[in-house]
Amino acid sequence: MQSAEKVKHLNQIQLAERWDVAEATLERWRSDGIGPVFMKIQGRVLYRVEDIEAFESDSLRQSTSSAVGGAA
């Protein structure tokens, strides 16, 4: 029996649930060019898990003025 493949992409609904935000928020972020990079394949929006995790890492902060590790 084969093990289930690891999920490599999330759709808009799944990412909205992961981050507890409205789907409309993700739509606005895409329109404004903020948030993680995404793919659009035959009208479907998909986010690679590696890009989501990179965006989450880049979003870590120790205070309102400094990122973790000193990067601004």
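Hydrogens, waters and symmetry mates play no part in the numbers below; they use all other heavy atoms, side chains included.
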Enquirer: State plainly whether one hydrophobic cluster holds both L15 and V45, where clusters connect Ile, Leu, Val, Met, Phe, Trp and Tyr through side-chain heavy atoms under 4.5 angstrom apart.
Expert: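 Same hydrophobic cluster.
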Enquirer: Should L10 and W29 be counted in the same cluster of Ile, Leu, Val, Met, Phe, Trp and Tyr side chains packed under 4.5 Å apart?
Expert: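 Both belong to a single hydrophobic cluster.
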Enquirer: Donor-acceptor pair, S57 side chain versus E53 backbone, under 3.5 Å?
Expert: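 Checking the backbone N and O of E53 against the side chain of S57, a donor-acceptor pair under 3.5 Å is found.
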Enquirer: Would you give the length of the straight line joining atom CE of M39 to atom CZ of R44, rounded to the nearest 0.5 angstrom?
Expert: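 Answer for the CE-CZ pair, M39 versus R44, is 9.0 Å.
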Enquirer: Can you hop from V21 to F55 via hydrophobic side chains spaced under 4.5 Å?
Expert: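 Linked, V21 and F55 end up in one cluster.
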Enquirer: Kindly compute the distance separating NE2 (H9) from CD1 (I41), expressed to the nearest 0.5 Å.
Expert: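 Rounded to the nearest 0.5 Å, the NE2-CD1 separation comes to 6.5 Å.
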Enquirer: Taking the side chain as every heavy atom from C-beta outward, state whether R18 and E56 have any atom pair closer than 4.5 Å.
Expert: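 They are in side-chain contact.
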Enquirer: Look only at the side chain of N11 and the backbone of I13, and say whether a donor-acceptor pair between them is shorter than 3.5 Å.
Expert: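 Yes.
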Enquirer: Just verifying a value: how many Å separate R30 CZ and K40 NZ, rounded to the nearest 0.5 Å?
Expert: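 Spacing of CZ (R30) from NZ (K40) equals 7.0 Å.
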Enquirer: Tell me, do L26 and F38 make a side-chain contact under 4.5 Å, heavy atoms counted?
Expert: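 The answer is no; the side chains never approach within 4.5 Å.
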Enquirer: For A22 versus A16, what's the shortest heavy-atom pair and its separation?
Expert: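 Taking A22 first and A16 second, the nearest heavy atoms are C-CB, 4.3 Å.
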Enquirer: For Y47 and V37, work out which heavy atoms get closest and say how close.
Expert: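 What the structure gives for the nearest pair is CD2-O, 3.5 Å.
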